[in-house]
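Data first, discussion second: the structure below is written as structure tokens.
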Amino acid sequence: MLPPGPPTRPIRNMVRWVGTPLPFLDEMAGRYGNVFSMHLPRLAGPMVIFAEPSAIRDLFTGDPLALNAGQANIMLRAALGKDSLILLDGERHLRERRLMLPPFHGERMKAYGDAMREVTLREVERWPVGRAFPVHESTQAITLDVIMRTIFGVGSDDPRLVPLRDALVRYTTLGTSKIGTAFLLMTPPERAEQLQRVATRGLGRLLPWSPIVRARLETDRLVREVIASRRREGTEGREDILSMLLEARDESGAALTDDQLRDEMLTLLVAGHETTATTLAWTLHHLLENPEWLTRVRAEVREVGTAELDKLVLLDAAIKETLRLTPILPMVGRVLGKPMTIGGVDLPAGAAALACIYLVHRRADLYPDPLRFDPSRFIGKKVDPATYFPFGGGARRCLGMAFANYEMKIVLANILARVDLAAAPGKKVKLVRRGITFAPSGGMPIVVTRRY
Ligand code: HEM
């Protein structure tokens with residue numbers, strides 16, 4: 001028997017999920033507890049939402065070949081392409097993930113530290129003093145430049161990359177708008193390509209989602225162009241991700257095709273900047289709302305400096321607490337490839353099981369006084385992947401986790417070392433949906449009060 005859940009009103013559930021998702025989740029958990037079923041339109045099997053650590057553990061440690069995140073992420077197909085790592089499952093996912101992982105880990109990743117620092121300082125120099133401005137736009141500019149340098153080996157201001165950078169900004173802006181979000185979440189995946197084709201021809205160009213589709217196609221074209229020109233120039237002596245992926249071969253000696261490369265590039269470009277930029281904006285928001293923590297974290301940065309990141313324990317805890325309280329993705333999903341028992345619930349093959357980051361991170365029995373921003377929860381403590389998972393988990397855990405954590409520390413340390421900040425007066429920041437992520441409203445306005 002499936003766990004209880006709201007009555008079978010799929011359309012109504014969908015409208016609430018798209019419109020006011022977090023209050024909806026709170027209401028459902030309040031009414032049905034930490035495990036509940038949900039009916040949404042077009043789902044092939046039942047869907048169960050878990051806010052229960054034993055279930056989260058089962059989902060993250062179970063057979064990766066039967067826990068299909070690609071199928072659960074199918075609504076991203078129109079946005080990222082069918083060959084995106086996020087949409088793959090099974091052996092092919094494992095193989096491609098193995099190819100893509102090395103640049104985002106260990107010493108290789110640290111090679112990008114200088115670029116992260118340089119890009120941040122350049123952006124902070126541009127911030128006005130004494131006048132409110134939306135810092136989220138700035139964190140996006142930083143993270144987009146960082147990921148483009150990492151992927152292509154040259155900055156986003158390089159004339160060869162400027163058109164692609166501008167297209168990506170347009171695409172992410174349109175794709176995370178209200179219409180973009182509705183298009184993304186409500187388009188049946190099997191009709192995505194058809195709807196895209198219609199939107200680029202004749203009167204179809206007047207359709208509300210046409211600008212999004214055109215921005216996507218333009219981005220696509222420019223990514224292909226960059227891949228082609230790198231193939232022509234050759235990859236010798238280059239250490240960037242595109243060159244590495246052009247050279248990469250799997251066990252059978254096969255390389256990625258151009259279509260696969262394009263979708264993987266787009267995935268890294270989009271997933272690798274939007275998420276980190278939003279978390280940076282949230283961290284600044286929480287620090288400004290909690291001045292005692294801002295003072296402590298800033299004092300640590302000014303004492304330790306910005307180079308020895310391992311010693312910035314308060315900053316690290318503040319980022320972790322930000323991702324606990326305001327994770328940018330509220331849940332991660334798996335479609336079961338065979339019947340499985342998840343957290344004691346028997347589910348058939350084809351069922352969708354969702355690990356709810358948002359609800360677990362706010363459970364009062366796991367995090368006392370859960371709505372309070374309190375980084376001390378994480379100081380000197382090892383986190384349990386079944387109760388803290390802002391980057392998801394198991395074989396599908398975020399590919400860029402180490403990279404994002406490293407980048408966020410460098411960016412925040414350099415911001416706090418250079419400027420004093422205050423919240424913009426009279427502006428109340430709310431949590432708003434941006435595509436599939438959740439961000440602070442109004443671009444998270446702040447004021448620089450002093451420069452060092
Ligand atoms: C604060 C920043 C970030 C957050 C909170 C975040 C969060 C996530 C989450 C929740 C998932 C789904 C995991 C699952 O299903 O278990 C994911 C997947 C992924 N993320 Fe991130 N992410 C961040 C930054 C990045 C960066 C910087 C990159 C690239 C450089 C990246 C690339 C990816 C990719 C490629 C996947 C798909 C992995 C797979 O399916 O094997 N992410 N991320």
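From a predicted model like this one, the values you see are computed outputs, not experimental measurements. All heavy atoms count here, side chains included; hydrogens, waters and symmetry mates do not.
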Inset, instruction - Report the C-alpha separation of Thr139 and Met444 in whole Å, then their side-chain angles, then the decisive distance to 0.1 Å, and conclude whether the side chain to side chain contact (heavy atoms under 4.5 Å, CB included) test is met. - result: CA-CA 10 Å; Thr139 57; Met444 178 52 213; over 6 Å; no
Inset, instruction - Test side chain to side chain contact (heavy atoms under 4.5 Å, CB included) on Leu76 and Ser84 and set out the steps. - result: CA-CA 9 Å; Leu76 292 175; Ser84 160; over 6 Å; no
Legend entry - Side chains of Arg230 and Thr235, donor plus acceptor under 3.5 Å: no
Inset, instruction - Could you check if a side-chain atom of Glu123 sits within less than 4.5 angstrom of a side-chain atom of Val411, using non-hydrogen atoms only? - result: no
Legend entry - Derivation and outcome, salt bridge (Lys or Arg N to Asp or Glu O under 4.0 Å), residues Arg396 and Asp89: CA-CA 10 Å; Arg396 301 306 292 242; Asp89 280 317; 3.1 Å; yes
Legend entry - Closest contact, heavy atoms only, Thr387 versus His361: O-CD2, 3.6 Å
Inset, instruction - For the pair Asp63 and Lys338, find out whether any cationic side-chain nitrogen is under 4.0 Å from an anionic carboxylate oxygen. - result: yes
Inset, instruction - Can you label the angle between the Phe403 ring and the Phe104 ring as parallel, tilted or perpendicular, going by 30° and 60°? - result: perpendicular
Legend entry - ring pair (Phe, Tyr, Trp, His ring centres under 6.0 Å) assessment of Phe438 paired with Tyr358: CA-CA 11 Å; Phe438 290 81; Tyr358 170 78; 7.9 Å; no
Legend entry - Heavy-atom pair of closest approach, residues Arg334 and Ala72: N-CB, 3.7 Å
Legend entry - Side-chain heavy atoms of Leu222 within contact of Val226, under 4.5 Å: no
Legend entry - Heavy-atom side-chain contact between Leu261 and Arg231 under 4.5 Å: yes
Legend entry - Any side-chain heavy-atom pair of Leu144 and Leu168 under 4.5 Å: yes
Inset, instruction - Specify the closest pair of heavy atoms between Pro102 and Leu99, including all atoms of both residues, with the distance to one decimal. - result: CD-O, 3.5 Å
Inset, instruction - List the steps and the verdict of side chain to side chain contact (heavy atoms under 4.5 Å, CB included) for Leu256 and Glu96. - result: CA-CA 9 Å; Leu256 294 174; Glu96 233 150 278; 3.6 Å; yes
Inset, instruction - Could I get the full list of ring pair (Phe, Tyr, Trp, His ring centres under 6.0 Å) partners for Phe36, not counting sequence neighbours? - result: none
Legend entry - Residue pair Ile379 / Ala317: nearest heavy atoms and the distance that separates them: CG1-CB, 3.7 Å
Legend entry - Steps toward salt bridge (Lys or Arg N to Asp or Glu O under 4.0 Å) verdict (Glu225, Arg221): CA-CA 6 Å; Glu225 254 179 45; Arg221 185 181 67 75; 2.7 Å; yes
Inset, instruction - Considering non-hydrogen atoms only, spot the tightest contact between Ala79 and Arg216 and give its length. - result: O-NE, 3.5 Å
Inset, instruction - Output every pair passing ring-ring contact (aromatic ring centres under 6.0 Å, His included) with a member in residues 40-62, not counting sequence neighbours, ordered by first then second residue. - result: Phe60-Phe389
Inset, instruction - Taking the six-membered ring of Tyr367 (Phe, Tyr or Trp), confirm whether the NZ or CZ of Arg324 is under 6.0 Å from its centre and within 45° of its axis. - result: yes
Inset, instruction - For residues Leu323 and Phe391, determine if any side-chain heavy atom of one lies less than 4.5 Å from a side-chain heavy atom of the other. - result: yes
Inset, instruction - For Ala386 and Val360, work out which heavy atoms get closest and say how close. - result: O-CG1, 4.1 Å
Inset, instruction - May I ask you to say whether Lys82 pairs ionically with Asp263, meaning some side-chain N is under 4.0 Å from a carboxylate O? - result: no
Inset, instruction - May I have the step-by-step check of side chain to side chain contact (heavy atoms under 4.5 Å, CB included) for Val332 and Leu354, ending in yes or no? - result: CA-CA 6 Å; Val332 293; Leu354 284 87; over 6 Å; no
Inset, instruction - Would you mind checking if Asp316 and Lys409 are paired as a salt bridge, meaning a charged N to carboxylate O distance below 4.0 Å? - result: yes
Legend entry - Heavy-atom side-chain proximity of Trp17 to Met38 below 4.5 angstrom: no
Legend entry - Note, Pro21 side chain near Arg433 side chain (heavy atom, < 4.5 Å): yes
Inset, instruction - Return each pair, listed once, that meets side chain to side chain donor-acceptor pair (under 3.5 Å) where at least one residue sits in residues 111-122; pairs must be two or more places apart or across chains. - result: Asp114-Arg117, Arg122-Asp145
